[in-house]
Amino acid sequence: MNSQRCYEKKHPDHKTIVKVGECHFGSPHIEVISGPCSVESFEQLYEVALTLKKLGCHCIRGGAFKPRTSPYSFQGLGETALQILDTIREQMGLAVITEIMSQEQIQQAEAFVDCYQVGSRNMQNFELLKSLGKQDKPVLLKRGLSATLEEFLMAAEYILSEGNEQVILCERGIRSFDPATRNVLDLAAVAKLKELTHLPIIVDPSHATGQRSLVPPTALAAVAVGADGLMIETHPNPDHSISDAEQAISLETLESLLPKIDAVAQAIGREEIIKEEAVLIGV
Ligand code: PEP
Ligand code: MN
């Protein structure tokens, strides 16, 4: 039995950098992943992608298979969404991240994505985690709805111990008694995880708060507390989002937030996001 866990730091400065396309999670850069809750159409994703390129973000998100509380809610466009993500990836040169909920979906998504997302509801789907441990793509692992940090890290351990070292942790808020916000963003967990593991940690202020107005302030707080990146839900027309409309921010809001993220990053001694001109490939 291995007594040293894979997620543990071997020395105080031990850090893992996980590369997803041009993003380096765990490096001094604050990496911003953004995109809609669900892929709804090519036009929708293309508009988001154009903005991300303009702003110098390298990674787009978008759900193809949606884990919805009700089986009657929109479940995602599935295979069609994967095709759209793949086209955006090819045409725009953005890395693609999407959630998979089963071993079957890993195979379905494999050719189309750069990083698999494990959602909160599947954080302890151990068979899924073990399968992801055998893949050679990075995995973004979201904290379970009411998972302790020990449970969160042991979920990561399932992936790491199978040989896949490319794990990014994501704090996305935990359940509480108070319905005032969708979840409670556990910022102390980010700082604590930095002590406990060498893995990169990002924060999702969208699912953590569930409210568009709270996304920018909590995103900034996450960077201040040491997050290596952010995952933010955006939509060209937020009120018309098919899923999670209340928490989606506009592309304009994202644009105005990024310089503030840079400012906080600089204030705590991290490099700012490098801006680059829009580069359109093959369109
Ligand atoms: C998501 O990021 O699309 C999502 C469903 O988030 P979570 O698993 O954190 O609820
Ligand atoms: Mn969502």
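As a basis for the values below, the full set of heavy atoms in this structure was taken, side chains included, without hydrogen atoms, waters or symmetry mates. The residues of the chain are indexed from 1 along the displayed sequence.
You'll find the side chain of Thr16 stays beyond 4.5 Å of the side chain of Phe25, heavy atoms only. Leu52 places none of its side-chain heavy atoms less than 4.5 Å from the side chain of Met92. Residues Leu220 and Leu257 form a side-chain contact, since some pair of their non-hydrogen atoms from C-beta on lies under 4.5 Å apart. Put simply, the side chain of Glu171 does not reach to within 4.5 Å of the side chain of Leu193, judged on heavy atoms. Between Leu214 and Pro205, the closest side-chain pair of non-hydrogen atoms is not below 4.5 Å. Asp239 is listed as a side-chain neighbour of Arg212, based on a closest heavy-atom distance under 4.5 Å. Using a 4.5 Å cut-off on side-chain heavy atoms (C-beta onward), Cys57 and Leu258 make contact.
When atom types are taken as modelled, the side chain of Gln211 and the backbone of Ala180 share a donor-acceptor pair closer than 3.5 angstrom. Between the side chain of His198 and the backbone N or O of Cys6, at least one donor-acceptor pair lies under 3.5 Å. The backbone N or O of Ala224 sits nowhere less than 3.5 Å from a side-chain atom of Arg270 that would complete a donor-acceptor pair. The backbone N or O of Glu110 sits less than 3.5 Å from a side-chain atom of Lys137, completing a donor-acceptor pair. For Lys142 (side chain) and Gly144 (main-chain N/O), no donor-acceptor pair under 3.5 Å exists by modelled atom type. Arg143 places no side-chain N or O within 3.5 Å of a backbone atom of Arg172 that could act as its donor or acceptor partner. Under a 3.5 Å cut-off, the side chain of Thr234 and the backbone N or O of Gly35 do form a donor-acceptor pair. Distance alone, capped at 3.5 Å, is enough to place a donor-acceptor pair between the Lys66 side chain and the Cys37 backbone.
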Exercise for review: Before giving the answer on side-chain hydrogen bond (donor to acceptor under 3.5 Å, both in side chains), spell out for Ser38 and Ser243 the whole-Å C-alpha distance, their side-chain angles and the decisive distance to 0.1 Å.
Suggested key: CA-CA 7 Å; Ser38 311; Ser243 52; 2.5 Å; yes

Point to revise | side-chain hydrogen bond (donor to acceptor under 3.5 Å, both in side chains) between His207 and Gln247, worked out | key: CA-CA 7 Å; His207 292 88; Gln247 70 197 35; 3.3 Å; yes

Point to revise | Test log, rule side chain to side chain contact (heavy atoms under 4.5 Å, CB included), inputs Val48 and Ile60 | key: CA-CA 8 Å; Val48 175; Ile60 193 164; 4.0 Å; yes

Exercise for review: Applying side-chain hydrogen bond (donor to acceptor under 3.5 Å, both in side chains), run through His240 and Glu40 and close with a yes or a no.
Suggested key: CA-CA 10 Å; His240 287 90; Glu40 298 169 9; over 6 Å; no

Point to revise | CA sep, side-chain torsions, deciding dist, call: Arg61, Glu233, side chain to side chain contact (heavy atoms under 4.5 Å, CB included) | key: CA-CA 8 Å; Arg61 62 150 285 147; Glu233 284 188 346; 3.4 Å; yes

Exercise for review: Begin with the C-alpha distance, continue with both residues' side-chain angles, and end with the deciding distance and a verdict on side chain to side chain contact (heavy atoms under 4.5 Å, CB included) for Thr80 and Val39.
Suggested key: CA-CA 9 Å; Thr80 306; Val39 175; over 6 Å; no

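The structure places OH of Tyr158 at 8.5 Å from CD of Glu127, a figure rounded to the nearest 0.5 Å. The OG atom of Ser206 sits 8.5 Å away from atom CG of Asp244, with the distance rounded to the nearest 0.5 Å. To the nearest 0.5 Å, atoms CD1 (Ile249) and OG (Ser256) are separated by 7.5 Å. Note that OG of Ser70 and CD of Gln75 are 7.5 Å apart. Values are rounded to the nearest 0.5 Å. The NE2 atom of His235 sits 10.0 Å away from the CG atom of Leu45 when rounded to the nearest 0.5 Å. Separating the CD1 atom in Ile242 from the CG atom in Leu77 is a distance of 7.0 Å, to the nearest 0.5 Å.
In this structure, Leu187 is a member of the same hydrophobic cluster as Val264, with clusters built from ILVMFWY side-chain heavy atoms closer than 4.5 Å. Under a hydrophobic-cluster definition in which Ile, Leu, Val, Met, Phe, Trp and Tyr are linked whenever side-chain heavy atoms come within less than 4.5 Å, directly or via other members, Ile201 and Met123 are assigned to the same cluster. Under the 4.5 Å side-chain heavy-atom criterion for ILVMFWY residues, no single connected hydrophobic cluster contains both Val167 and Ile202. There is a path of hydrophobic side-chain contacts, each under 4.5 Å, that joins Val223 to Leu199. Hydrophobic clustering (ILVMFWY, side-chain heavy atoms < 4.5 Å, transitive): Phe152 and Met154 are in one cluster.
Taking the charged nitrogens against the carboxylate oxygens, Lys54 and Glu255 do have a contact shorter than 4.0 Å, which makes a salt bridge. A salt bridge does not link Lys130 to Glu162: none of the charged side-chain nitrogens sits closer than 4.0 Å to a carboxylate oxygen. Ion pairing of Glu195 with Lys9 is absent here, as no side-chain N (NZ or NE/NH1/NH2) approaches a carboxylate O to less than 4.0 Å. Salt bridge annotation for Arg5-Glu150: present, with a cationic side-chain nitrogen under 4.0 angstrom from a carboxylate oxygen. Salt bridge Asp228/Lys194: present, at least one basic N to carboxylate O contact under 4.0 Å.
The heavy-atom pair separating Cys59 from Cys23 by the smallest distance is CB-SG, 3.8 Å. The minimum heavy-atom distance linking Ser41 with Ile84 is given by the pair C-CD1, 3.8 Å. Nearest approach of Thr98 to Gly63, heavy atoms of both residues: OG1-CA, 3.8 Å. The minimum heavy-atom distance linking Ala49 with Leu94 is given by the pair CB-CD1, 3.6 Å. Taking both residues in full, the closest heavy atoms of Val203 and Ala227 are given as CG2-CB, 3.9 Å, listed atom of the first, atom of the second, then distance. The heavy-atom pair separating Ala109 from Ile100 by the smallest distance is CB-CG2, 3.9 Å.
A 6.0 Å sphere centred on CD of Glu165 holds no more than 12 heavy atoms belonging to other residues, nucleotides or ligands. Enclosure of atom CG in Asp178 by more than 12 non-hydrogen atoms of other residues, nucleotides or ligands within 6.0 angstrom is indicated. Residue-environment remark: NZ (Lys134) exceeds the threshold of 12 foreign heavy atoms within 6.0 Å.
When each of Glu99, Gln117, Met101 is checked for a side chain to side chain contact (heavy atoms under 4.5 Å, CB included) with Phe65, only Met101 meets the rule. The one candidate from Ile33, Val139, Leu141, Val20 that meets the side chain to side chain contact (heavy atoms under 4.5 Å, CB included) condition with Ile168 is Val20. Leu85 pairs with exactly one of Asp114, Val96, Ile97 by the side chain to side chain contact (heavy atoms under 4.5 Å, CB included) rule, that one being Val96.
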